[in-house]
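Throughout, protein chains are lettered first and strands after them, A, B, ... in sequence-line order, and every chain is numbered starting at 1.
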Protein chains: 2
Amino acid sequence: MSTTPTPGHEVRGSTTGRPLMAALDLFGRRWALRILWELRHGPLGARALRTVCDGMSSSVLYQRLDELTTADLVTKNDDGDYELTPIGAEVSTALEPLGNWADRWAQSLEAGGPQAG
Amino acid sequence: MSTTPTPGHEVRGSTTGRPLMAALDLFGRRWALRILWELRHGPLGARALRTVCDGMSSSVLYQRLDELTTADLVTKNDDGDYELTPIGAEVSTALEPLGNWADRWAQSLEAGGPQAG
DNA sequence: ACCTTTGTTTCGAAATTAGAAACGTTCTGG
DNA sequence: CCAGAACGTTTCTAATTTCGAAACAAAGGT
């Protein structure tokens, strides 16, 4: 199967076809966000990508790569390495605030703790 | 089981404990991002939340709610409704650029198409 | 030709998600 | 207090997804 979520189509969890819902479906699949994140600094070969992703299973790697390629977020360059497309590169930019947020999150958990009132 | 990813701990897909990796694990679970998104405008009861999420299965809803609560992103208010915590509300803010991105993504797919050169 | 590294596919096992059903509680109206 | 309806939650089985290892082809180096 190869159901890559795309704007304008019904996706898992939403029938509206809104772009954000397609994005949330696509990015909600395991490792999808991570792959984009790891490619943000430049192209990587499949094996290298798997290594930086702490050894994600190859079957999932290729499935995600296929989805992300269909979604035009990732492409294979002339060297055979995977890299972000222009619009794919914008994802990691759009995700940057999330990186900052995560640090604040960590601090807030240290400070108050999840249970501490 | 109840393995809620938190900063400082080993999470699925990363052994470093970096906050972003914990976030990526937590948010990479089905419906997690969507729940935060749907709560961005205010509290919702469980049943209402399930409705706006296009009928996500209740078993997953409560599992996510549990994880997000443990992660201190969601809390249950005095009315019994679920709402974002302060740090949880910052997630949807941090996610806003992603909403804008998704619209550009949709346009870029319409314009060139995934396959079109 | 041989060994090594990389890219990719396949397959059974393990984990996650889906979906429906069920149960207790709360609220509304007698 | 008693029914009925809506809500919150838990539980169980089936389907889907992900894991993890193994295998094979292609490319490079010696």
**Prompt:** When you look at A:Tyr82 and A:Leu61, which way does the side chain to side chain contact (heavy atoms under 4.5 Å, CB included) test go after all the steps?
**Reply:** CA-CA 12 Å; A:Tyr82 295 95; A:Leu61 169 63; over 6 Å; no
In whole angstroms, how far is the [atom2] atom of [N] from the [atom1] atom of [X]?
{"X": "B:Gln63", "N": "C:dT16", "atom1": "CD", "atom2": "P", "answer": "8 Å"}
{"X": "A:Leu49", "N": "C:dG7", "atom1": "CG", "atom2": "C1'", "answer": "12 Å"}
{"X": "B:Arg29", "N": "D:dT18", "atom1": "CZ", "atom2": "P", "answer": "13 Å"}
{"X": "A:Tyr62", "N": "C:dT10", "atom1": "OH", "atom2": "P", "answer": "13 Å"}
{"X": "B:Arg30", "N": "C:dG19", "atom1": "CZ", "atom2": "P", "answer": "10 Å"}

**Asked** Between A:Ser57 and D:dG20, is there a side-chain N or O to OP1/OP2 distance below 4.0 Å?
**Response** no
A:Tyr82 side chain near C:dT8 phosphate (N/O to OP1/OP2, under 4.0 Å):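 The answer is yes; a side-chain N or O of A:Tyr82 sits under 4.0 Å from OP1 or OP2.
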For residues 30-45 of chain A, the side-chain hydrogen bond (donor to acceptor under 3.5 Å, both in side chains) pairs (sequence neighbours left out) are A:Arg34-A:Glu38
**Q.** B:Thr70 side-chain N/O to B:Thr4 backbone N/O, donor-acceptor pair under 3.5 Å
**A.**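 Such a contact is absent between B:Thr70 side chain and B:Thr4 backbone.
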A:Trp105 side chain to B:Ala71 main-chain N or O, any donor-acceptor pair under 3.5 Å?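 Present.
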- Task: Could you walk me through whether A:Leu44 and A:Asp81 pass the side chain to side chain contact (heavy atoms under 4.5 Å, CB included) test, one step at a time?
- Result: CA-CA 5 Å; A:Leu44 286 175; A:Asp81 293 334; 5.9 Å; no
Point to revise | Residue-level proximity of residues 31-46 of chain A to DNA chain C when a heavy atom falls under 4.0 Å | key: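 Those residues whose heavy atoms fall under 4.0 Å from DNA chain C, taken from residues 31-46 of chain A in numerical order, are A:Gly45, A:Ala46.
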query: Could B:Arg29 and B:Asp25 be called an ion pair, given the rule that one side-chain N must be under 4.0 Å from one carboxylate O?
result: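 Answer for the salt bridge query: yes.
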5' to 3', nucleotides 21-28 of chain C under a 4.0 Å protein heavy-atom cut-off (B base, S sugar-phosphate only, - none) gives B-------
Worksheet entry | Nearest heavy atoms of B:Asn77 and B:Asp79, plus distance in Å |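 Nearest pair, atom of B:Asn77 first, then B:Asp79: OD1-N, 2.9 Å.
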Assert: residue with more 5' nearest nucleotide on DNA chain C, out of B:Met56 and A:Ala48, is A:Ala48
The nucleotide from C:dT8, C:dA18, D:dC19 with an atom nearest the side chain of B:Ser59 is C:dA18
Tell me, with the steps shown, if A:Glu83 and A:Thr75 meet side chain to side chain contact (heavy atoms under 4.5 Å, CB included).
CA-CA 5 Å; A:Glu83 66 180 11; A:Thr75 189; 3.8 Å; yes
Only counting residues at least two apart or in another chain, list the ones meeting salt bridge (charged side-chain N to carboxylate O under 4.0 Å, His left out) with B:Arg104.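 Testing B:Arg104 for salt bridge (charged side-chain N to carboxylate O under 4.0 Å, His left out), a comparison that skips the adjacent residues, returns A:Glu90.
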Throw together a table of side-chain donor-acceptor distances under 3.5 angstrom for residues 91-102 of chain B, partners on residues two or more places apart or in other chains.
{"from": "B:Ser92", "atom 1": "OG", "to": "B:Ala89", "atom 2": "O", "distance (Å)": "3.0"}
{"from": "B:Thr93", "atom 1": "OG1", "to": "B:Ala89", "atom 2": "O", "distance (Å)": "3.3"}
{"from": "B:Trp101", "atom 1": "NE1", "to": "A:Ile87", "atom 2": "O", "distance (Å)": "2.9"}

How far apart are the C-alpha atoms of B:Met56 and B:Ile35, what are their side-chain angles, what is the distance that settles it, and do they pass the side chain to side chain contact (heavy atoms under 4.5 Å, CB included) test?
CA-CA 10 Å; B:Met56 140 186 58; B:Ile35 289 173; 4.2 Å; yes
To 10°, what angle do the rotation axes through the five end pairs on each side of the helix from C:dA1-D:dT30 to C:dG30-D:dC1 form?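 Here the helix ends are tilted 30° relative to one another.
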